[in-house]
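Read through the structure below, which is laid out as structure tokens, and then see the notes.
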Amino acid sequence: GCSENYRPNKVLQVATEPTFPPFEFQGQGGELEGFSIDLMRAIATAANFQIEFQSLPFDGIIPALQAKTIDGAISSMTITAERAKTVAFSRPYFKAGLAIAIRTDNQNIKGFNSLQNKKIAVQMGTTGAQKAKSVIGAEVRSFDSAPLALQELQNGNVDAVINDAPASLYAINTGNLQGIKIIQQLLTEEFYGIATARNSPYLSLINLGLSKILKNGNYQQIYQKWFKS
Ligand code: ARG
């Protein structure tokens with residue numbers, strides 16, 4: 001098991017796909033920012049290990065964990081049974097869920113069932129992409145990032161986007177997206193986890209740090225910074 005004294009003898013490489021504000025994104029100068037970035041740094045400090053971030057496409061993260069070219073990933077990744085066959089997850093650190101985004105002038109799409117035969121944009125490799133593929137007759141268009149998918153909706157090229165509710169809401173509330181609303185009723189309840197390779201020696205250390213910051217108030221501070229300002 002994990003002891004307080006265990007320390008990796010290297011700087012852990014932690015992957016993220018940084019186009020997902022307010023969770024992980026690049027600031028004006030290109031530096032990584034966001035809830036997940038602050039959280040991962042706090043976890044590393046609390047459990048006394050060093051990290052370095054690496055940017056990867058979202059659908060490249062699981063293969064990189066399996067190939068062990070990275071040691072961990074924090075990328076608003078939903079813990080799913082399917083992913084858990086190939087990677088390991090930390091204890092959950094955030095509750096989210098999928099929502100449908102549509103243009104504000106759209107009166108026809110009222111929920112999941114009205115998506116049939118519609119055009120839906122998604123970020124590839126995500127739970128939103130999976131959900132979209134389950135819609136009968138829908139044409140699913142996959143993009144490298146959620147902002148690109150939302151952009152396509154704003155431009156009128158698709159009818160809807162299926163994406164994590166807090167990420168779509170943030171884009172709307174910051175004014176980065178205009179003329180877009182989300183359907184309040186969530187399609188799923190999902191929990192984010194930090195991922196490692198299966199049987200990684202680092203997972204228990206990550207869980208230790210996460211448990212510490214949940215207990216000492218640090219998690220709550222970071223949460224407030226990004227979600228209650
Ligand atoms: N929670 C969703 C998933 O796990 C989307 C995550 C997208 N993350 C990102 N950094 N782009 O599939």
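Just follow the structure's listing: the first ligand is 1, and inside any ligand the first atom is 1. Only heavy atoms go into these numbers, but all of them, side chains included; no hydrogens, no water, no symmetry mates.
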Would a line drawn from the ring center of Phe89 to the ring center of Phe191 be shorter than 6.0 Å? no
For ligand 1, list the protein residues that place a heavy atom within a distance below 4.0 Å of one of its atoms, sorted by chain and number. Glu17, Phe20, Glu24, Phe58, Ser75, Ser76, Met77, Thr78, Arg83, Gln123, Thr126, Thr127, Asp164, Tyr192
In a table with atom names and distances, give each donor-acceptor pair under 3.5 Å that connects a side chain of residues 147-156 to protein atoms at least two apart or in another chain.
from   : atom 1 : to     : atom 2 : distance (Å)
Glu152 : OE2    : Asn157 : ND2    : 3.4
Gln154 : OE1    : Gln178 : N      : 2.7
Asn155 : ND2    : Gln151 : O      : 3.4

Could you work out, with salt bridge (charged side-chain N to carboxylate O under 4.0 Å, His left out) as the rule, every residue matching Lys95, not counting sequence neighbours? Glu189
Just grab all the side-chain hydrogen bond (donor to acceptor under 3.5 Å, both in side chains) pairs involving residues 53-62, residues at least two apart or on different chains. Gln13-Gln54
Of Phe23, Tyr170, Tyr219, which meets ring pair (Phe, Tyr, Trp, His ring centres under 6.0 Å) against Phe227? Phe23
ring-ring contact (aromatic ring centres under 6.0 Å, His included) between Phe94 and Phe35, intermediate numbers included: CA-CA 10 Å; Phe94 193 89; Phe35 173 78; 5.5 Å; yes
